[in-house]
Amino acid sequence: MKIRAISGYTVWLACTYFFSLGMIDSALIFSIAFLTPLLLKMVVGRKTERDEFSKRLIFKAIHWHWIFAAAGVLAILLPDGGWGVLAAAGWFLFTIVIALIGLLRFMERGMKGWEEITIHFGFIYMGVGGAWLVLSRMDGSFFLPYSEIIIDLTAIHFHYAAFCVLILTGIFGRWMKHHSYSLSSRFPYLAAGLILGPVMVAVGLDAGPPLEPVLVAVYVVFLTWLSAEWFAASFKMIGWKKAGILISSLVLPLTMMLSVVYSIGLMMDSPLVGIAEMIPWHGGVNAFVFSFAAVVTWSAFHLPEINPPLRFPVSSIRAEGMGTRKEEWFSRENRAGLIKNWNDYARPGFEPGGIEESIRNFYLNTEQYDMTADLRWHGMFRSLSSVARIWTKRFGQLNLPPSSRFTMTGSIKKVTARDGRPYGATAWLRDHGSTGEPIFTALYSSHSYKGAVYMNIALPLPFGAMTAILLPERDKNKGLILTSERTRENEHVQQGVYLSVGSFTFRTPFTEFFHVQGKELTAVHKMKFLGLNLLTITYELPIRSEVQTADAGSGQ
């Protein structure tokens with residue numbers, strides 16, 4: 001990586017020396033050739049055999065960066081239009097790949113760890129920077145309501161204020177977690193402000209005074225906050241690293257104040273600072289002093305991700321085309337229940353023996369119970385469910401009817417197809433009691449992770465599978481709670497609802513919550529999407545009369 005960084009720096013020096021570059025063009029080459037590979041490498045750290053999909057993609061992007069960086073540099077050196085636009089499109093392609101990787105990272109991790117969320121958005125904003133570089137090379141001022149210099153400055157803005165600053169903020173968040181730094185509780189607010197900042201500035205530039213200076217000032221407040229935290233953190237460092245962070249923390253707020261002064265001048269219709277002064281003192285100092293010092297210094301800390309994507313066994317059974325229930329997946333004989341032994345789920349804080357006996361029996365002998373469901377869709381999902389049923393009815397999975405009360409029939413079968421999960425799987429096939437339509441084909445299994453055993457429930461889908469990872473909990477009245485909602489934000493918690501497409505698995509914004517209670521069994525199943533109530537199903541689970549008669553006859 002040192003060779004790559006030195007090469008990029010040499011390219012920038014050569015371009016600055018041999019070509020008559022303005023400050024904007026010089027700063028763009030500095031970002032493209034030198035800063036970008038360092039920032040990408042800072043995010044991924046060292047390569048391992050267990051790297052997740054998005055991390056492997058970043059390593060590939062770093063490997064091929066020099067080809068696309070050459071295109072980006074040529075785009076700046078060549079005249080506008082023609083070949084210049086084509087070369088800019090090459091760099092734009094690279095930035096779009098980075099943006100898509102950022103989206104994949106977000107999908108793999110979900111809303112987990114604000115330091116990583118900040119990095120995701122930095123990646124995504126990079127694609128916006130590449131687009132504005134293309135617009136600047138094709139002289140977008142002909143068809144956009146902006147001057148040529150504003151378009152150039154916007155390209156700079158998204159390469160630095162969006163991409164560079166957000167990556168550095170995320171790395172700072174990792175540093176805080178590694179050192180148990182006291183800012184951790186406030187960091188989400190700082191990160192959210194910096195994520196929104198580039199958009200606020202863009203909106204301000206488009207709207208003009210009086211909104212522009214207000215939005216710029218808000219963004220400057222968050223950047224100043226970041227600088228203040230770096231300044232305080234630098235006293236926990238030693239040597240040249242301390243000096244690098246100190247320089248960065250002092251330079252940034254000074255240069256950002258110029259942008260506030262410039263915006264106020266526009267509002268007063270009496271510029272206090274002109275573009276001619278802004279470019280070298282705001283843009284140049286930020287690019288060649290702040291960014292250089294911050295990127296080189298933070299790169300030297302080698303801070304790995306605290307909570308990488310969680311790994312768990314995923315069912316390898318996939319539906320082919322329409323219809324997810326294949327006879328060859330299951331044995332012909334029925335099984336008694338969904339689980340074999342409750343003791344497998346024991347852990348500190350959860351003792352299965354404390355659960356009501358009738359609840360434990362339901363999971364051990366599920367075949368003995370009837371099921372009546374009262375389903376209620378909520379809000380806008382009532383109409384959306386009708387559209388979804390066009391598809392779910394065809395492939396017979398997640399095929400929930402409109403809001404209604406109905407009976408469910410079904411069976412419990414051993415899964416004989418190659419499932420891929422270490423503890424095997426049991427299928428619970430549920431159908432609509434009146435129409436006979438399949439509703440769910442759920443493949444129940446489990447897996448252990450750091451002292452806890454989770455229910456691992458897979459629903460085969462065309463070309464993929466949805467997996468619910470649920471942790472058993474006990475309520476205050478011997479009831480059972482199974483939830484995908486995280487109650488403790490740390491690496492020991494794996495709950496979630498995930499979607500697998502091929503070999504790629506990512507967290508979805510769905511959450512599930514089951515509450516089973518009472519001797520006369522009832523269960524409430526709640527599902528949310530992005531925190532919004534999606535549906536609620538209330539189940540009545542009476543034991544079959546013939547089972548009760550047999551139990552009475554045997555003296556139980």
Side-chain angles (χ1 to χ4, degrees), residues 31 39 43 95-96 98-107 109-132 146 150-151 153-174 176 183-230 248-249 252-253 255-264 266-267 282-283 286 290-291 294 298 509 530-532:
S31 172
L39 288 164
V43 171
T95 64
I96 284 297
I98 297 301
L100 291 174
I101 292 173
L103 184 60
L104 286 178
R105 281 176 56 85
F106 189 81
M107 293 168 68
R109 292 157 177 77
M111 292 294 291
K112 176 188 174 187
W114 273 95
E115 71 283 358
E116 301 307 321
I117 294 172
T118 309
I119 291 172
H120 306 333
F121 275 94
F123 276 45
I124 292 169
Y125 279 141
M126 189 61 165
V128 182
W132 280 97
Y146 308 115
I150 291 298
I151 294 174
L153 289 174
T154 304
I156 284 278
H157 175 69
F158 280 98
H159 277 79
Y160 282 91
F163 177 62
C164 182
V165 169
L166 288 183
I167 300 300
L168 292 173
T169 302
I171 298 301
F172 177 50
R174 290 184 184 178
M176 289 189 302
L183 173 65
S184 297
S185 61
R186 305 192 302 277
F187 184 76
Y189 304 101
L190 172 62
L194 293 173
I195 288 169
L196 293 173
V199 176
M200 289 193 295
V201 172
V203 170
L205 286 172
D206 184 63
L211 184 61
E212 179 183 0
V214 174
L215 294 179
V216 170
V218 171
Y219 184 41
V220 169
V221 167
F222 281 100
L223 288 171
T224 304
W225 180 6
L226 175 66
S227 299
E229 297 296 348
W230 282 15
S248 305
S249 67
L252 184 60
T255 59
M256 291 307 301
M257 286 306 299
L258 280 177
S259 61
V260 176
V261 173
Y262 173 74
S263 298
I264 292 173
L266 290 179
M267 183 176 63
H282 173 77
N286 275 339
F290 165 76
S291 296
W298 283 115
L530 290 172
L532 301 174

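- We find the CH2-OG1 distance between Trp298 and Thr169 to be 10.0 Å, quoted to the nearest 0.5 Å.
- Gly130 and Thr95 get closest at one heavy-atom pair: CA-OG1, 3.5 Å.
- Counting heavy atoms from C-beta outward, His157 and Trp132 have side chains that stay 4.5 Å or more apart.
- Taking all atoms of both residues into account, the shortest heavy-atom contact from Leu103 to Ile124 is N-CG1, 4.1 Å.
- Annotation: side chain of Tyr160 is not in contact with side chain of Phe290 (no heavy-atom distance under 4.5 Å).
- Summarising the geometry of Thr118 relative to Ala191, their closest heavy-atom pair is OG1-CB, 3.3 Å, with the distance given to 0.1 Å.
- Side-chain N or O atoms of Arg174 include one that pairs as donor or acceptor with a backbone N or O of Val43 at under 3.5 Å.
- Within the 4.5 Å cutoff, no side-chain heavy atoms of Thr154 are placed close to those of Val128.
- Residues Tyr125 and Pro198 approach most closely at CE1-CG, 4.0 Å, considering heavy atoms.
- Between the CD1 atom in Ile195 and the CD1 atom in Ile117 there is a gap of 7.0 Å [rounded to 0.5 Å].
- Atom CG of Leu166 and atom CD1 of Ile171 lie 11.5 Å apart (nearest 0.5 Å).
- The line from CZ of Phe106 to CZ of Phe121 is 5.5 Å long, rounded to the nearest 0.5 Å.
- Taking CZ from Phe187 and CE from Met176, the interatomic distance works out to 4.5 Å, rounded to the nearest 0.5 Å.
- Summarising the geometry of Gly197 relative to Tyr219, their closest heavy-atom pair is CA-CD1, 3.3 Å, with the distance given to 0.1 Å.
- Atom CE of residue Met126 and atom CG of residue Leu100 lie 13.5 Å apart, to the nearest 0.5 angstrom.
- Contact annotation: the side chain of Leu194 approaches that of Leu223 to within less than 4.5 Å [non-hydrogen atoms, C-beta and beyond].
- Using a 30° and 60° split on the angle between ring planes, Phe172 and Trp230 fall in the perpendicular class, above 60°.
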